[in-house]
K.L.:
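After the structure tokens below, expect a handful of questions from me.
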Protein chains: 2
Amino acid sequence: MSTVQSVDRALDVLEALADQGGEAGLSEIAARTGLPYGTIHRLLQALLSRGYVRQESDRRYALGGALVRLGGAAERMVGVWAQPHLEKMVALSGETANLAVLEGDFVVYVAQAASPRRLRMFAEVGRRVLPHSTAVGKVLLADRVDAGDILRRTGLPRRTEHTITSVEAMLVELETVRAQGYGMDFGEEELGVHCLAVPVRDGSRVIASMSISGPVERMEALDREELARAMRSIAADFGADVSPPR
Amino acid sequence: MSTVQSVDRALDVLEALADQGGEAGLSEIAARTGLPYGTIHRLLQALLSRGYVRQESDRRYALGGALVRLGGAAERMVGVWAQPHLEKMVALSGETANLAVLEGDFVVYVAQAASPRRLRMFAEVGRRVLPHSTAVGKVLLADRVDAGDILRRTGLPRRTEHTITSVEAMLVELETVRAQGYGMDFGEEELGVHCLAVPVRDGSRVIASMSISGPVERMEALDREELARAMRSIAADFGADVSPPR
DNA sequence: AAGCATTTTTCCGCATAGTGGAAAGGATGG
DNA sequence: CCATCCTTTCCACTATGCGGAAAAATGCTT
């Protein structure tokens, strides 16, 4: 497969910048990418002149505003690709399926396929919620080493009588999620609504989470382990789809 | 200023893709960028292998998932840069200042500087609201030719007794916003809360909006025109900062 | 089914665009 | 004020990317 050296390297630079939290000095980028200084500097100038990178007053570099636009457009696309997979989950379970990602410290719902039932979950696309009270949030946090920090920053406000409200208890819960490969929400965000969420992986990193949500009675009638297995397989397809093996 | 041809062109390709709504065939990209086919194809392969572009089953190309991550990181950065400007607005008015962007059909609050007053607006960072009931929303819509479509899609749900609830009335309001160069919200989202918002421009396009919000009594005591002028100037600084002149 | 038009992909010799080592130029801080 | 660290500039060389044109794939029409 053909590749263009300078483009490839420019992407390395941008990713290095993102890895450092969106801001880094030239030499930090050099350390991370292993590219020679001159080369990095030239690439940065190119990105700079287009607004994809920005130079701070202390001469450090940061990700630029132009990326926001592309990122937004791409996010909409991701929602579109997810659709068929979400529909498969609906077919499988009869319940509404959602795709969510972690944005900053919040869970954001990106796409949805609605259940055909009369009683069903409402459209949540665009909604931001805290991670601690949802199945998708737990799955997304379970992969993060800084889950504790996030939880301490956001707090764990009580949403219902079932909400887990202590950081310690939540860290234990995340351990369970990691072990079983899926996350549950037993009416912790909204009374009477249960959810089951599985991770979407880009290689090994968790980049998103897919879930189904429905009323307690119907959710409890489903075979959880069996369902989780099927959903993991769909999520894996989607993951491979979004970020194909190099 | 130095530049790297292939990187520059790769960015052209990505932007062309975004212009076409995130998805396009090779020849559409060629038409838009004026680059030779072979060149575009090679660049697309390079972006493809990194997940920044994706190829659909019908061989068309689309923006890839890898952009979402960079976009998110960049968005957080934008919030950081906005901070000093928001603080200037707080100093100017004594009220809480916010930065918001349009994401899909929603207004999303990206950053905030809080008023020093005891009675003040609450942190809204991360919140998504519909555009029709906020000053920032009006400013963001005022620049869009498809404002009517957006409003029809989202609807104009009544939030308070002052909310504007018809598309026609809102289009008239947007005309006013364009004419005066700032937007107001007179308790249309929340009773007793008034806002004044100005556009942040990247060149000529409106990319974001900055606003101040506070209780009616205090907001009415301010000289609106004078304040709007000062805020526009701050927003212009910020705009120039985020996307420096080519 | 066969042919035609359109779009995408591959190929390859050439020239130039990009490389990277090394030196100069600026900051920072003890 | 000097030493150290980090960033920017420079330039000769050549590997890298260029792009026209041909081949392959698709899908539209008759």
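Residue numbers start from 1 in every chain, and the chains themselves are labelled A, B, ... in the order their sequence lines are given, proteins ahead of strands.
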K.L.:
Rounded to the nearest Å, what distance is computed from the CD atom of residue B:Q20 to the C1' atom of nucleotide C:dT7?
P.N.:
15 Å
K.L.:
For D:dC5 and A:S27 - does any side-chain N or O of the residue sit under 4.0 Å from the phosphate oxygens OP1/OP2?
P.N.:
no
K.L.:
So if I take every side-chain heavy atom of B:H41 and compare against C:dT8, D:dC6, C:dT10, which nucleotide ends up nearest?
P.N.:
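From the listed options, C:dT10 comes nearest.
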K.L.:
What is the distance from OH of A:Y61 to P of D:dT7, rounded to the nearest Å?
P.N.:
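Value for this atom pair: 8 Å.
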K.L.:
Is A:L92 close to A:I212 at the side-chain level, that is, under 4.5 Å between some pair of heavy atoms?
P.N.:
no
K.L.:
Write down the distance between CG (B:L26) and C1' (C:dT9), rounded to a whole number of angstrom.
P.N.:
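So the CG-C1' distance, B:L26 to C:dT9, works out to 9 Å.
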K.L.:
Check the angle between the aromatic planes of B:H41 and B:Y61 and answer parallel, tilted or perpendicular using the 30° and 60° thresholds.
P.N.:
perpendicular
K.L.:
Report which part of the nucleic acid A:E28 touches: base, sugar-phosphate, or nothing (heavy-atom distance under 4.0 Å, all strands).
P.N.:
nothing
K.L.:
Run the side chain to side chain donor-acceptor pair (under 3.5 Å) test on B:S6 and A:S6 for me, step by step, so that the C-alpha distance in whole Å, both residues' side-chain angles and the decisive distance to 0.1 Å come before the verdict.
P.N.:
CA-CA 7 Å; B:S6 15; A:S6 12; 2.9 Å; yes
K.L.:
Without placing hydrogens or testing angles, list every side-chain donor-acceptor pair under 3.5 Å for residues 141-153 of chain A, not counting sequence neighbours.
P.N.:
residue, atom, partner, partner atom, Å
A:D143, OD2, A:V206, N, 3.2
A:R144, NE, A:D146, OD1, 3.0
A:R144, NH2, A:D146, OD1, 3.3
A:R144, NH2, A:D146, OD2, 2.9
A:R153, NE, A:D105, OD2, 2.7
A:R153, NH2, A:D105, OD1, 3.0

K.L.:
Each nucleotide in nucleotides 18-25 of chain C should get exactly one letter: B, S or -. Can you fill that in based on protein heavy atoms under 4.0 Å?
P.N.:
SBBB----
K.L.:
For B:Q55 and C:dT8, what is the distance between atoms CD and P respectively, to the nearest whole Å?
P.N.:
9 Å
K.L.:
Find the distance B:I40:CD1 to C:dT10:C1' and express it as a whole number of Å.
P.N.:
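Value for this atom pair: 16 Å.
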K.L.:
Rounded to whole Å, how long is the line connecting atom CG of A:D8 with atom C1' of D:dA15?
P.N.:
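Roughly 16 Å, once rounded to whole Å.
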K.L.:
Can you tell whether the side chains of A:E15 and B:R69 come within less than 4.0 Å, N to carboxylate O?
P.N.:
no
K.L.:
B:Q45 has an atom CD; how far is it from atom P of D:dG19, in whole Å?
P.N.:
17 Å
K.L.:
Okay, side chain of A:R117, backbone of A:E95: is any donor-acceptor separation there less than 3.5 Å?
P.N.:
no
